[in-house]
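All values derive from a computational prediction rather than experimental measurement.
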Amino acid sequence: MASSLNVIDVSRITPADSSGSLTLPLTFFDLLWYKLHPVERVIFYRSTDATRPFFDSSIVPNLKSSLSSSLSHYLPLAGKLVWDSLGKKPSLVYSPNDAVIFTVAESSADFSLLTGQKPFPAAELYPLVPELQNSDDSASAVSFQVTLFPNQGFSIGVSAHHAVLDGKTTTMFLKFWADTCKRRQDQTVNTSLPQDLIPLYDRTVIKDPKDLETEVMNLWSSLLKAFSGGKEPDNPKSLKILPSPELNPEVVRFTLDLTREDIQTLRERLKRESSASSSPKELRLSTFVVTYSYALTCIIRARGGDPSRPVGYGFAVDCRSLLDPPVPPNYFGNCVSAMFKIPLKAERFMGEEGFLIAARYVSDSVEELDETVALKVPEVLAAIQTITQELQVVSVAGSTRFGVYGLDFGWGKPERVVIVSIDQGEAISMAEGRDGNGGVEIGFSLKKHEMEALIDLLRGGLRH
């Protein structure tokens, strides 16, 4: 039986202290995402103390007050995307009295199922994610939902507009909020704020000498025209997010927890296969290359089908350290591009050397990364346009570098962190292992029969 959700309260959380308004123009990095689906995460916390009275009297008030305090340092998150009638592009604007929507709810779902190691229906996650308000005239930056699972724990759901913040900025804010909430409970409020979590709003650190901004906006214009059947859209400045496909009820979720030893086993296997092959080129066998190549190979094999069918891969690239001069790590906004490889043929990954071939591709893609990856932002948008339903492109959300399992609001570290929005395409999610011992967590979202085949392949490959 499907679980039920009872919404207890919906409130507006304003920054505790704000002096006037703030406007941030969107850069070409931000504009890449302005019509695309928000990034949705659910962070689960196990607590047998999570009774309704404790939830109402302690968890919710602490989260609300610390959120209000944190927003004072992150004012744009309480603001909205707007597009001035005379402007060439949208901006992020915070005005006094702007607020973040904060929903409080209670769920009858099985907490252990949602955080465990067995597949479960993807639809179980959707009630835990808050809606992100968007219309023709404006779009919210973020929204939050805290949900009680009586006597089991609670979750914090986050919907983040990708034109406002990338994964690095999102987790930077969540760390700031968690740190603020924990210090209030530990009564260490007067200790200094973590400087690496104070956001930098200076847009001049993003250079655009080639006017990529205009190129991205022109690409969006032609894309939106194509979506409107070849005619100009009714409102070319609409900020409404493009509609998402309906979720297939057969889709299930599964998280693979790879230990450091598992990753080393896979790395050694690639070394053996590589030394036995005719290619003299040495592979870059970083944790990302090994784990992503493994997931990519198994997903393509799980689908099976025509060996000549088109497949591909793509992953986001944080450009902060690649640009010259580098962009400071605490920069607020988007500073990501992507690396795509499409189309390839499925048969390349289905054969005996499929894993090695995948690792070669991904290794080469990582080797190619330099400051020019930022210039490829228009190519990324053009690539998104060419993806058809027949083309299986396995992309990655999240990163093992974000440190999401360090998000302790005062009730311990998360039991599980799930990126819900990977259901919107052929994506997987990646995070560091929960135990902090060098493992990796990979989230999958597939139709039930494909997931069963995938789990067999994933587990079988570790015994190889």
Determine the minimum heavy-atom distance between [X] and [Y], stating which atoms define it.
| X | Y | answer |
| --- | --- | --- |
| A122 | D423 | CB-OD2, 3.6 Å |
| C335 | D166 | N-OD2, 3.0 Å |
| G351 | R301 | O-NH2, 2.6 Å |
| L212 | D208 | N-OD1, 2.7 Å |
| E106 | P150 | OE2-CG, 3.3 Å |
| N330 | I198 | ND2-O, 2.8 Å |

State whether [X] and [Y] are salt-bridged, where the test is any N-O pair (Lys NZ or Arg NE/NH1/NH2 against Asp/Glu carboxylate O) under 4.0 Å.
| X | Y | result |
| --- | --- | --- |
| E353 | R348 | no |
| D186 | K182 | yes |
| K89 | D30 | no |
| R416 | E441 | yes |

With no hydrogens and no angle check, do the side chains of [X] and [Y] hold a donor and an acceptor under 3.5 Å apart?
| X | Y | value |
| --- | --- | --- |
| N151 | T48 | no |
| S107 | S3 | no |
| S365 | Y313 | yes |
| Q392 | R309 | yes |
| T265 | D262 | no |
| D202 | Y331 | no |

Checklist entry - Going by the angle between their ring planes, with limits at 30° and 60°, are H162 and W33 parallel, tilted or perpendicular? => result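 Aromatic pair H162/W33 classed parallel.
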Is the distance between the ring centroids of [X] and [Y] under 6.0 Å?
| X | Y | value |
| --- | --- | --- |
| Y294 | F355 | yes |
| F288 | F315 | yes |
| W411 | F154 | yes |
| W177 | F144 | yes |

Item to check | Heavy-atom side-chain contact between L32 and N334 under 4.5 Å | outcome: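 No; the side chains remain at least 4.5 Å from each other.
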Next on the checklist: Looking at Q264, I'd like to know if its CD atom is crowded, meaning that more than 12 non-hydrogen atoms belonging to other residues, nucleotides or ligands lie closer than 6.0 Å.
Outcome noted: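 Enclosed: over 12 neighbouring heavy atoms sit under 6.0 Å from CD of Q264.
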Checklist entry - Does atom NZ of K413 have more than 12 heavy-atom neighbours from other groups under 6.0 Å away? => result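 Above 12, so yes.
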Item to check | Evaluation steps, salt bridge (Lys or Arg N to Asp or Glu O under 4.0 Å), between R360 and D364 | outcome: CA-CA 6 Å; R360 280 228 172 92; D364 287 350; over 6 Å; no
